[in-house]
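Here is how names work: the chains are called A, B, and so on, in the same order as the sequence lines, proteins then strands, and each is numbered from 1.
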Amino acid sequence: MSTKTPTVLDLKGLACPLPIAKTAMAMKQLAAGERVEAFTTDRGSLADFPAWCASTGNRIVEQDETGGVYRFLIEKMDKR
Amino acid sequence: MTTTDVTTETSSVTAPAQQQGLVIFAVSGDLDKIWPTLILASTGAASGMPTTVFFSFWSLFALVREDVRRTGDNWMQKMVSMMNRGGTRHLKLSKMNFAGAGPRMMRKLAKQHKAPLPGDLLELARELDVRLVPCQMTMDLLGLHKEDLIDGVEEPAGAATALQATQGATTLFI
């Protein structure tokens, strides 16, 4: 488990496909085990982040919602 | 690449199968077809799918630089470019175009919803390494040259190149 603070991505207000695209770009800079904490308001994110993680092999560690803002804590997995 | 003999056992995640590519044959020049094409292409690339968009026929005009007003070598081709201005900002809707009022409203709505416009998506696609391949034959037919097209577009190619990229990939024809 990584103890490093996650890279915070403020994606509030952005619409598809920007939340996913920006998360993917940020994720590219990270090493396996490092995390991204994405904040979105696009309702589509609820389905899209798990789908994107399933196709990229990354892992959603935490997910919640506060006042219409969705938060996804995603860990980059080691790809072999 | 190498076969996976090391499986990281994480309860909630199954590692994705060997990532498939995505190939989109873009033939329509309609705003409402180019737009989803670019959304799918950039999302595909963002999901780790090697993505190629093959532009043929009317879709080629979406790749024309904004500062290029007129294209074509003969009167017929010039006529086409006069009546069908290139660049993503001049794409028409397939319905409710209303002489350009429709697309203007769509842009306004997109801005309100902070949805990226086709021009932004083209940029995003290039940033994500989506291959943008223009079709040589239709470029010749329509009198378009490589220098008429935006930067980041690959060398024009033919059907064989487009089909080669479809090996083991998901293909869409839009």
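A salt bridge does not link Glu147(B) to Arg65(B): none of the charged nitrogens lies less than 4.0 Å from a carboxylate oxygen.
For Leu124(B), the part lying near chain A is the side chain, with the backbone staying farther off; criterion is any non-hydrogen pair under 4.5 Å. At a 4.5 Å heavy-atom cutoff, Lys22(A) makes no contact with chain B through either its backbone or its side chain. Looking at Leu121(B), the atoms closer than 4.5 Å to chain A (heavy atoms on both sides) all sit in the side chain, from C-beta outward.
Aromatic ring orientation, Phe49(A) versus Phe72(A): parallel (interplanar angle below 30°, classes split at 30° and 60°).
Using a distance-only test at 3.5 Å, with no hydrogens or angles considered, a donor-acceptor pair links the side chain of Lys76(A) to the main chain of Leu30(A).
Checked by atom type, the side-chain pair Asp42(A)/Thr40(A) shows no donor-acceptor distance below 3.5 Å.
For the options Cys16(A), Gly13(A), Ala51(A), Ala24(A), heavy-atom pairs under 4.5 Å to chain B are most numerous at Gly13(A). Counting heavy-atom pairs closer than 4.5 Å to chain A, the top-ranked of the candidates Ser47(B), Ala115(B), Gly48(B) is Ser47(B).
No path of Ile, Leu, Val, Met, Phe, Trp and Tyr side chains, each step under 4.5 Å between heavy atoms, connects Val64(B) with Val27(B), placing them in separate hydrophobic clusters.
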